[in-house]
Amino acid sequence: MATLSAFSSSSPPWPNPNPNPNPNSDLPDHEEQSERTEPGDVVSAPNSGPTQYVNHNIRDGRPSPSSIPTLLNVSFNQDYGCFATGTDRGFRVYTCDPFREIFRRDFDRGGGIGVVEMRSVTNLMALVGGGSDPQYPLNKVMIWDDFESRCIGELSMRSEVRAVRIQLNRIVVVLEQKIFVYNFDDLKPLHQMETIPNPKGHCAVSQVADSIVLACPGLQKGQVRVEHYASKRTKFIMAHESRIASIALTMDGQLLATASSKGTLVRIFNTMDGVLLQEVRRGADRADIYSMAFSPTAQWLAVSSDKGTVHVFSLKVNVSSPGNDRSPGASNSNPVVASSSSSLSFIKGVLPKYFSSEWSVAQFRLPEGSQYIVAFGHQKNTVVILGMDGSFYRCQFDPVNGGEMIQLEYHNFLKPENVM
């Protein structure tokens, strides 16, 4: 499993200027370690080399005139109000509305951050090394406290960390074939599960504090495992025939969206009973789905893919999530939504399923050749799109007439002039 170290507030800052990026250590399964250090102490995990804590490795504040860094990772925080990026030099944090870089941390030596996951809008986040010169070993999750500009804890795994997810009270570490759940406050292990090979680290976690739901690939191709921690229930859903390529949950974890490696269909399930509630079609040809996101009211679903188009779908399912303005049993009276699926409904069962599919209500075309992630903005009927080329788009869709979205804003968040 993992070894675990939680450092006291008096410990000097991490990291080793030249950490060993090799994650293949011989850490014993099911062993945990809790260490407290004093200034100058050296902390080492079992069977791993020593790590020295030093003070001279942080350079923060305003950008230098050096070249634009290489982007390694980009991710939204839990309510989509902020996003963070990992680069070959360190990490940066931005607000979405208004768009603004609020701080950056560049490291003098190494610097590559391959995973950065914010904890809401707090000063805490999880970091994993990445790139050709990683700042931290690829098998360690470092808990960074930006008030103190240092790491205050770590989770050391037996293999490379593929992804990290944070819920206010939990931190989830995704390895290629295992997932571990820890309590955030003290980093104590709570749960572990095995998955089918999951090199991209697919995993989603709900964000309602008293009802934690986790969704991840199961042990079979096309299967999704859903853990309801409040009710201590596990549900396995056979979502697709092909392998799972993307997973998303509503904020309350009641709805699950899945896409397969084919990338043509997106399916919406009830997470409690596994019932298929709706199926929408992205397109007819294969695609790599990069991300999916529900709107806060679960009325809309946004999907991005390698085809260079972001799609917004109308959801016709009824959920009782907080703030949902859709009344139970209400039918969808939106004319554009109805036309997106009903124009050929009279010949269902006669022509192939393709012709009676539900298509997206709104679309936004992007330059091909980059990967994009998507979320709904805090402004009404807006979508925020982040690209691995450094692009930030804010777009608005028409919920009544649909069609092409209107671009409201564009920035390149890697350029120096975007710092506050």
Side-chain angles (χ1 to χ4, degrees), residues 1-4 23-25 27-32 73 75 78 114-119 125-130 137-143 153-208 211-240 243-249 253 256-261 269 271 274 291-292:
M1 164 179 155
T3 61
L4 166 66
N24 298 318
S25 59
L27 301 178
D29 207 10
H30 303 293
E31 182 171 349
E32 302 161 12
N73 176 262
S75 62
Q78 287 74 21
V115 175
V116 52
E117 185 79 1
M118 299 179 65
R119 189 194 192 198
M125 60 189 68
L127 306 176
V128 180
L138 306 186
N139 65 318
K140 288 189 176 184
V141 179
M142 309 303 298
I143 309 302
E154 72 174 53
L155 294 166
S156 185
M157 318 306 291
R158 295 188 66 187
S159 61
E160 183 175 335
V161 175
R162 299 298 186 178
V164 178
R165 299 289 182 264
I166 293 179
Q167 193 263 3
L168 188 59
N169 300 316
R170 301 288 184 268
I171 180 168
V172 179
V173 181
V174 185
L175 309 183
E176 180 145 355
Q177 290 188 264
K178 279 189 176 183
I179 293 178
F180 298 92
V181 181
Y182 299 87
N183 187 51
F184 196 98
D185 290 338
D186 55 13
L187 300 184
K188 295 299 184 183
L190 301 175
H191 188 214
Q192 71 177 64
M193 64 199 83
E194 294 184 355
T195 70
I196 198 171
N198 182 22
K200 294 186 177 180
H202 298 305
C203 182
V205 181
S206 68
Q207 296 302 322
V208 177
S211 180
I212 303 173
V213 180
L214 181 150
C216 65
L219 290 171
Q220 302 177 40
K221 182 174 65 175
Q223 184 186 69
V224 176
R225 174 175 181 160
V226 180
E227 291 288 337
H228 291 267
Y229 286 101
S231 58
K232 299 181 180 180
R233 297 178 58 186
T234 302
K235 185 68 183 178
F236 291 93
I237 301 172
M238 284 306 304
H240 300 273
R243 64 176 175 82
I244 298 297
S246 188
I247 296 173
L249 285 170
L256 166 73
T258 66
S260 75
S261 55
F269 297 90
T271 60
S291 78
M292 302 188 296

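Only a predicted model underlies this, so the values are computations on that prediction, with no experimental measurement involved.
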Self-check item: Straight-line distance of C203 SG to M193 CE, nearest 0.5 Å
Solution: 7.5 Å
Exercise. Output every pair passing side-chain hydrogen bond (donor to acceptor under 3.5 Å, both in side chains) with a member in residues 214-223, not counting sequence neighbours, ordered by first then second residue.
Key: none
Quiz item: Has the side chain of N139 got a donor or acceptor atom that lies under 3.5 Å from a matching backbone atom of S156?
Solution: no
Quiz item: Can you name the nearest heavy-atom pair linking G222 to I244, along with the distance?
Solution: O-CD1, 3.6 Å
Quiz item: If you measure from NE2 on H228 to CG on L214, what distance do you get to the nearest 0.5 Å?
Solution: 10.5 Å
Self-check item: Shortest non-hydrogen separation from S261 to A245 and the atoms involved
Solution: N-CB, 3.8 Å
Quiz prompt | Distance, nearest 0.5 Å, that separates CZ of F180 from NE2 of H191 | solution = 10.5 Å
Quiz prompt | pair M125-V116: side-chain heavy atoms closer than 4.5 Å | solution = yes
Quiz item: Applying the side chain to side chain contact (heavy atoms under 4.5 Å, CB included) test to Q177, which of P217, P197, P199 qualifies?
Solution: P197
Quiz item: What's the shortest heavy-atom distance between R162 and V115, and which atoms?
Solution: O-CG2, 4.4 Å
Self-check item: For the student: nearest non-hydrogen atoms of I247 and A204, plus distance
Solution: CG2-CB, 3.9 Å
Self-check item: Side chains of E227 and T234, donor plus acceptor under 3.5 Å
Solution: yes
Exercise. Report yes if the side chains of F236 and L219 come closer than 4.5 Å at any heavy-atom pair, otherwise no.
Key: no
Practice problem: List the atom of E117, the atom of S75, and the distance in Å for their closest heavy-atom pair. | Solution: OE1-OG, 4.0 Å
Quiz item: Under 4.5 Å between any side-chain heavy atoms of L256 and L249, yes or no?
Solution: yes
Quiz prompt | T195 side-chain N/O to I179 backbone N/O, donor-acceptor pair under 3.5 Å | solution = no
Quiz item: Taking C-beta and beyond as the side chain, do S159 and E176 meet within less than 4.5 Å on heavy atoms?
Solution: no
Quiz prompt | L190 side chain reached by Y229 side chain, heavy atoms, under 4.5 Å | solution = no
Let me check something: any side-chain donor-acceptor pairs from residues 167-175 under 3.5 Å, sequence neighbours excluded? List them with distances.
residue, atom, partner, partner atom, Å
Q167, OE1, N169, N, 2.8
Q167, NE2, V208, O, 3.4
R170, NH1, N183, OD1, 3.1

Quiz prompt | Closest heavy-atom pair and its distance - A239, T258 | solution = CB-OG1, 3.6 Å
Exercise. Report the distance from atom SG of C216 to atom NE2 of H202, rounding to the nearest 0.5 Å.
Key: 11.5 Å
Quiz item: Within the side chain of T271, is there an N or O that forms a donor-acceptor pair under 3.5 Å with the backbone of G253?
Solution: yes
Quiz item: Hey, are the side chains of I166 and Q78 touching, using non-hydrogen atoms and a 4.5 Å cut-off?
Solution: yes
Quiz item: Is there a side-chain contact between E194 and K178 (heavy atoms, below 4.5 Å)?
Solution: yes
